[in-house]
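Just so it is clear, the values below take in all heavy atoms, side chains as well, and ignore hydrogens, waters and symmetry mates. In listed order, ligands and their atoms are each counted from 1.
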Amino acid sequence: MSEILINESERQGRYTPAEIEPKWQARWDADGALYAAEGHDSGKPKFYCLEMLPYPSGQLHMGHVRNYAIGDALARFMWMRGYNVLHPMGWDAFGLPAENAALKNNTPPREWTLTNIAAMRKQMQRMGLSYDWSTEVTTCLPDYYRWNQWIFLKMFEAGLAYRKKSKVNWCPECQTVLANEQVIDGCCWRHEDTIVELRDLTQWFLRITKYSDELLTGLDKMDGWPEKVRTMQRNWIGRSEGTLVDFAVDGEVKAEGSTGDLAKITVFTTRVDTIFGATSVQLAPEHAVAKAFAAADASLAAQIEELLEQQKRAREAGDVGAIEKHGIPTGRFAVNPFNGERVPIWVANYILADYGTGAIMSVPAHDERDFEFAQKYSLPVRRVIAPNVDTDAAGLELPYTGEAEAVLIDSGQWTGEACLEAQQKMAAFAAEKGFGTATVTYRLKDWGVSRQRYWGTPIPMVYCQQGHEGLEPGGVVPLPESALPVELPPQVEITQQGGSPLGRVPEFVNTVCPVCGGPARRETDTMDTFVDSSWYFYRYTDAKNSTAPFSSEKAKYWFPIDQYIGGVEHAILHLIYSRFWTKVMRDLGLIQNDEPAARLFTQGMVVKDGAKMSKSRGNVVSPDLMIERYGADATRMYALFAAPPDRDLEWQEEGVAGISRFLSRVYRLTIKYKDAHTAANTLASQSVAGEKLLRKLHQTIAKITQDFSGRWHFNTCIAAIMELVNEVQSAEAAMDSGEVPTATVAEVFRTLVLLLAPFAPFVSAELWAEIGGQGQVFRTPWPVADEAIARESEAEIPVQVNGKLVSVVKVPAGSEDAVVKAAALADAKVIARIEGKTVAKTILVPGKLVNLVVK
Ligand code: ANZ
Ligand code: ZN
């Protein structure tokens with residue numbers, strides 16, 4: 001890139017982004033309708049271009065700049081292609097940092113957040129981003145979050161929101177529940193030395209698991225989403241086909257307050273075909289049967305307690321397989337229903353309580369983890385599958401996990417069956433005999449949305465203190481729609497104390513039961529902020545609606561989102577939650593689309609000195625500083641030019657300076673020839689120089705149009721514009737002398753400005769005005785490549801070696817001698833003929849002939 005960019009210093013001084021940009025910015029800001037979408041009846045095809053909304057931290061960072069530069073280029077391009085474009089922006093404005101700021105500087109969260117929003121909106125405007133601010137959504141304001149509450153009530157009605165006691169991450173320092181994503185290496189994200197505990201708390205959950213299957217199968221059709229995101233979602237949902245098998249517990253099990261059937265242990269296995277090799281049953285430490293055994297055996301209870309303690313420490317290592325396996329024999333036995341064999345029951349730390357049934361049959365010969373465990377505790381290992389029946393199974397290296405190719409051995413009536421078939425048949429057999437069934441298990445869990453926080457959406461529920469007909473005292477009562485929004489009380493003291501801050505505001509907590517009018521307490525937990533971002537993009541289509549979250553008709557017109565752009569770090573949480581929310585709203589009859597976004601693009605990170613920009617590393621480059629030094633156009637254009645948009649981008653200030661020099665060159669040339677646009681259009685005949693320029697121009701249009709459509713190789717688009725400008729510059733003499741017709745000069749510059757508009761809107765607007773362009777440059781139709789002009793006319797040049805015809809090569813008409821010579825030397829027949837010899841002389845008759853004299 002450097003070659004194109006340097007050697008321009010002598011020409012600087014005329015392109016002045018510091019003057020041009022604020023001037024246009026002021027005009028654009030003043031014109032509220034400039035970027036507004038048109039109505040459904042515009043007659044144009046619609047295009048919904050969406051970038052992920054930011055958290056209002058107070059400062060844009062380079063990652064934002066990159067994300068928005070991509071979206072903005074696309075939106076402007078689509079406008080120019082004649083689409084009715086929706087290009088909105090908003091603020092994901094609830095969340096912990098506002099509370100932390102309140103603790104630190106004593107600023108109320110609302111004030112802090114709104115101040116930050118104002119500052120960031122200004123930065124976005126300074127960048128020249130084409131957002132329709134009339135549809136701005138701010139999630140921390142009641143006009144938005146009342147609809148979170150409204151949808152929550154609908155979900156409650158539909159059985160999709162419910163309360164359940166469950167294990168949650170608890171930071172003893174923050175005195176609050178943390179989301180999984182706020183637990184980093186087992187510690188609190190705010191207190192890196194504080195180990196997060198598991199606590200049993202009653203929490204609100206959203207039944208995302210109702211949609212497990214649809215969320216999974218939907219991915220197959222989503223070919224506008226990156227494969228890596230779809231794979232991550234598939235793994236997160238984690239569908240497993242297997243079998244449930246009941247092992248009867250030998251002897252009596254005392255209930256001790258436990259619920260459920262303790263006389264049997266149901267295991268979940270994906271390999272029921274290996275059941276004759278089961279040599280123990282393993283329980284998660286939290287399993288009800290383990291608890292019942294422990295209740296009757298103090299020593300066992302103490303050991304399980306110890307195991308849980310260890311597990312708590314290792315839990316966040318992520319992969320349970322990575323944790324050192326520990327187990328405790330319970331002294332009790334279970335009966336394998338397939339062969340009647342008694343096997344010992346163990347409690348083991350590698351069994352997850354909340355996956356499958358929290359109990360497994362252990363088959364050491366054919367499972368890695370079971371093998372490791374059996375080795376450690378000297379449990380028997382029994383082979384029951386082999387590559388074929390005749391294999392000397394004793395010689396088989398273990399564990400052997402063959403599934404697709406293996407057959408059963410030593411498995412009673414099933415011996416000789418292929419594994420995969422045996423799985424089907426044995427599951428059917430278990431079902432027939434009543435001790436098992438085929439099943440599907442998912443890793444996906446219901447979404448725990450309660451947070452003991454102030455700065456979030458209040459959950460619109462109350463607890464009726466005395467109870468009323470059909471409701472026990474303290475029972476939950478949903479508020480009626482007319483009670484919405486439940487607003488956050490403004491004056492809340494944010495402290496480090498435990499519990500939700502809302503619980504310390506009596507005016508908020510104490511209310512009346514909407515059913516019986518008796519005293520009631522409000523729910524003091526607020527919603528996870530991922531709720532806010534799960535549907536904000538629907539609100540954009542109808543942001544001012546005060547009687548519904550949005551109009552279904554408007555959503556129908558705009559959805560699905562045509563292009564969603566954001567960071568891959570949202571591949572799981574946000575992008576699964578918003579798919580779930582879409583399905584819920586569809587089932588509530590609010591929308592008709594099944595998925596929120598037809599296409600998703602995840603841009604790469606912006607790095608500096610090889611590392612992600614971060615305050616702690618001290619390698620942050622401030623967008624403001626770049627804009628101040630080089631202008632918004634150069635900063636944005638650099639963000640698009642320096643790397644393909646899906647790759648990481650190493651920020652180099654010289655690169656921004658280079659783009660700035662390039663823009664100043666475009667500026668100088670366009671101004672220099674601006675009279676061409678008004679000059680009397682003489683019918684001068686076309687010249688070789690003019691033809692060459694036009695050819696390059698139309699090739700550039702074709703290339704950019706293609707790279708824009710779907711592939712988004714903005715870096716190559718910009719490189720193509722640079723090449724074009726090089727060509728224009730080398731034609732300066734021909735333009736000055738009048739050899740290039742004025743009409744051609746005008747066409748070249750008019751088109752150049754249009755091509756630049758999606759990438760550098762300020763200077764494009766300025767130059768558009770300078771050359772007398774009508775209306776807004778980015779609403780002017782995108783240029784169309786004339787293929788006939790773009791096509792290189794070809795010349796066929798005979799190649800002789802020592803005067804004898806050897807081959808004919810094709811080169812662009814009018815090619816330079818060096819090009820013709822290179823083509824001749826690259827020709828296969830010529831190469832074969834001159835191999836081992838040296839070319840002493842090249843005789844060239846331009847446009848006619850090449851003769852290579854070789855020795
Ligand atoms: C016996 C067996 C034999 C198994 C064999 C595997 C291979 P996926 O594919 O991830 O669903 N398992 C089941 N529940 C578990 C839990 N709560 N904690 C830890 N492990 C659990 O894995 C399913 C397999 O993981 C199940 O099949 C079970 O081990 C284990 F040759 O059963 B298998
Ligand atoms: Zn009541």
Inset, instruction - Between Thr274 and ligand 1, find which residue part has any heavy-atom pair under 4.0 Å and reply side chain, backbone, both or neither. - result: side chain
Inset, instruction - Please indicate whether any nitrogen or oxygen in Thr269 is less than 3.5 Å from any nitrogen or oxygen in ligand 1. - result: yes
Inset, instruction - Can you sort out which atoms of ligand 1 are near Tyr350, meaning under 4.0 Å from one of its heavy atoms? - result: 18 (N), 19 (C)
Legend entry - ring pair (Phe, Tyr, Trp, His ring centres under 6.0 Å) partners of Tyr536, counting only residues at least two apart: Tyr540
Inset, instruction - Step by step, work out the salt bridge (charged side-chain N to carboxylate O under 4.0 Å, His left out) result for Lys291 and Glu286. - result: CA-CA 7 Å; Lys291 282 188 179 153; Glu286 300 89 344; over 6 Å; no
Legend entry - Selected option - heavy-atom contact closest to atom 17 (N) of ligand 1, from Leu352, Thr441, Asp273: Leu352
Inset, instruction - Answer side chain, backbone, both or neither: which part of Thr270 comes under 4.0 Å from ligand 1, heavy atoms only. - result: both
Legend entry - Side chain proximity check, Phe276 to Asp410, heavy atoms < 4.5 angstrom: no
Inset, instruction - Could you list the atoms of ligand 1 found under 4.0 angstrom from a heavy atom of Ile351? - result: 16 (C), 17 (N), 18 (N), 19 (C)
Inset, instruction - Identify whether the distance between the nearest side-chain nitrogen and carboxylate oxygen of Glu227 and Arg230 falls below 4.0 Å. - result: yes
Inset, instruction - Measure from atom 5 (C) of ligand 1 to every heavy atom in Arg271, Gln282, Met361 and give the option owning the shortest one. - result: Arg271
Legend entry - Contacting atoms of ligand 1, where contact means under 4.0 angstrom from a heavy atom of Phe268: 11 (O), 13 (C), 26 (C), 28 (C)
Legend entry - Atom NZ of Lys264: over 12 foreign heavy atoms under 6.0 Å: no
Legend entry - Atoms in ligand 1 with a heavy atom of Ser240 nearer than 4.0 Å: 8 (P), 9 (O), 11 (O)
Inset, instruction - Inspect the contact between Arg239 and Asp213 and indicate whether a charged nitrogen and a carboxylate oxygen are less than 4.0 angstrom apart. - result: yes
Inset, instruction - Find all atoms of ligand 1 within a distance of less than 4.0 Å from any non-hydrogen atom belonging to Arg443, and give their numbers and elements. - result: 8 (P), 10 (O)
Inset, instruction - For Lys445, look at atom NZ and say whether over 12 heavy atoms of other residues, nucleotides or ligands are found less than 6.0 Å away. - result: yes
Legend entry - Pairing residues for Phe371 by the ring pair (Phe, Tyr, Trp, His ring centres under 6.0 Å) criterion, not counting sequence neighbours: none
Inset, instruction - Step through the shown structure and confirm whether more than 12 heavy atoms of other residues, nucleotides or ligands are within 6.0 Å of CD on Glu214. - result: yes
Inset, instruction - Indicate yes or no: does an N/O atom of Tyr355 lie under 3.5 Å from an N/O atom of ligand 1? - result: yes
Legend entry - Element-labelled atoms of ligand 1 that are located less than 4.0 Å from some non-hydrogen atom of Arg369: 20 (N), 25 (O), 30 (C)
Legend entry - ligand 1 contact by Gly356, heavy-atom criterion under 4.0 angstrom: no
